[in-house]
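We number each residue from 1, following the sequence as shown.
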Amino acid sequence: MRRLASLFALTAFVMAGPAAAQTGATAPAPAAPAPVTAPKPGDLQNIWMLDLSTGGRVTIMLRPDMAPKTVERIKTLTRQHFYDGLVFHRVIDGFMAQGGDPKGDGTGGSQLPDLEAEFNALPHVRGAVSAARTDAPNTANSQFFIVFQPKLTLDKKYTVFGRVIDGMQYVDAIQRGEPPVSPSRILHAYIAADTPPPYQPAPPVPQLTPTPPAKAGANVAAPKLAAPTASKAAPKRR
């Protein structure tokens with residue numbers, strides 16, 4: 001009887017073994033996300049179009065494989081029409097043209113939070129499109145700059161997220177200055193997948209009619225300017 005009881009106990013232990021092992025097993029690790037590959041030339045979801053007041057459309061290939069968060073921000077703001085009408089406020093001959101600031105002075109940005117830096121191996125060559133920021137690395141937001149001539153000293157210090165593939169002549173025609181006297185502007189920005197309309201030039205600037213001189217005896221006082229209030233200037237993005 002003792003041998004029979006021992007045999008039953010051994011059989012129960014062997015049968016329970018796999019169940020116990022399954023209970024204590026750890027869940028398999030989740031599969032790593034598939035790497036993002038570089039977009040192909042015909043990938044309309046990653047083509048950014050800027051219609052400039054300088055006479056034509058600039059086509060930019062975005063690189064979500066190298067700067068996914070920055071590219072997503074560009075798409076989001078573009079589809080919100082954020083860039084429509086904004087000027088190139090800082091344009092240095094032989095270097096770059098910077099825009100994307102709703103304030104027009106280099107201190108502004110969108111209502112969305114600043115981005116983490118996505119420094120990568122893409123070089124700052126002619127036509128490169130890179131995210132502007134302050135001296136702190138994680139402060140890119142909406143501003144960007146397009147490179148006129150190679151500036152490789154900026155490599156891995158600023159986030160390159162695209163490159164001009166057509167219309168660089170319209171970038172070259174952007175008015176220079178810090179700020180320019182008569183700044184060039186983005187008329188409209190589009191993502192190619194959204195089937196944008198053909199380029200439409202800027203409407204002509206209306207000519208102002210000269211104001212006739214006031215009659216003798218009229219005393220029209222000019223409005224007084226409010227006294228400036230003390231405020232801390234926002235850092236410029238470079």
Side-chain angles (χ1 to χ4, degrees), residues 39 43-64 67-92 96-115 127-133 139-148 159-208 234 236-238:
D43 184 0
L44 300 183
Q45 288 289 349
N46 288 298
I47 292 180
W48 191 29
M49 295 176 168
L50 300 179
D51 288 358
L52 303 188
S53 62
T54 54
R57 175 169 288 174
V58 179
T59 304
I60 297 165
M61 176 62 73
L62 300 174
R63 294 295 302 271
K69 294 178 182 178
T70 307
V71 168
E72 187 60 33
R73 172 62 55 84
I74 290 295
K75 291 180 180 180
T76 297
L77 294 179
T78 296
R79 285 168 169 150
Q80 292 176 354
H81 305 285
F82 175 87
Y83 291 109
D84 295 1
L86 299 190
V87 302
F88 288 92
H89 63 273
R90 180 170 177 255
V91 186
I92 303 174
M96 59 90 219
Q98 183 175 337
D101 176 15
K103 292 185 177 180
D105 61 3
T107 64
S110 74
Q111 297 298 318
L112 299 174
D114 289 346
L115 295 165
V129 187
S130 191
R133 61 174 178 81
T139 55
N141 189 290
S142 65
Q143 294 188 44
F144 65 93
F145 59 95
I146 306 175
V147 180
F148 291 131
T159 300
V160 178
F161 63 87
R163 188 171 179 181
V164 175
I165 58 175
D166 189 47
M168 190 64 192
Q169 68 270 30
Y170 306 119
V171 178
D172 291 333
I174 293 173
Q175 292 294 313
R176 271 57 167 172
E178 299 183 70
V181 175
S182 180
S184 305
R185 65 180 60 245
I186 301 169
L187 302 177
H188 299 285
Y190 304 102
I191 300 300
D194 299 339
T195 59
Y199 173 83
Q200 294 291 329
V205 179
Q207 298 295 323
L208 297 178
K236 290 188 176 182
R237 301 174 192 267
R238 298 182 178 273

Just by distance, do the side chain of [X] and the backbone of [Y] share a donor-acceptor pair under 3.5 Å?
X    : Y    : answer
S184 : Q175 : yes
R185 : G85  : yes
T54  : Y170 : yes
S130 : T159 : yes
D84  : A189 : yes

Please check if atom CD in Q111 has more than 12 non-hydrogen atoms from other residues, nucleotides or ligands closer than 6.0 Å.
no

Residues, nucleotides or ligands: over 12 heavy atoms within 6.0 Å of K75 NZ:
yes

Please give me the minimum heavy-atom distance between [X] and [Y], naming the atom from each residue.
X    : Y    : answer
F145 : M96  : CB-SD, 3.5 Å
V58  : G167 : CG2-O, 3.5 Å
V87  : P183 : CB-CB, 3.9 Å
S142 : G109 : OG-CA, 3.4 Å
P102 : G108 : CD-C, 4.2 Å

Sequence neighbours left out, what pairs pass side chain to side chain donor-acceptor pair (under 3.5 Å) with at least one residue falling in residues 191-203?
R79-D194

Roughly how far, to the nearest 0.5 Å, is the [atom2] atom of [Y] from the [atom1] atom of [X]?
X    : Y    : atom1 : atom2 : value
I146 : L52  : CD1   : CG    : 7.0 Å
N141 : T70  : CG    : OG1   : 10.5 Å
F88  : R176 : CZ    : CZ    : 11.0 Å
Y190 : Y83  : OH    : OH    : 15.5 Å
S110 : D101 : OG    : CG    : 10.5 Å
R73  : F82  : CZ    : CZ    : 9.5 Å

For a 4.5 angstrom cut-off between non-hydrogen side-chain atoms, does [X] reach [Y]?
X    : Y    : answer
H89  : Q143 : yes
E178 : R90  : yes
P39  : L62  : no
V171 : L50  : no

Criterion side-chain contact (heavy atoms from CB on, under 4.5 Å) on R163 and V129, from CA distance to verdict:
CA-CA 5 Å; R163 188 171 179 181; V129 187; 5.6 Å; no

Assign the ring pair F161 / W48 to parallel, tilted or perpendicular, where the plane angle (0 to 90°) is split at 30° and 60°.
tilted

Kindly write out the residues that satisfy salt bridge (charged side-chain N to carboxylate O under 4.0 Å, His left out) with D51, not counting sequence neighbours, or none if the list is empty.
R57

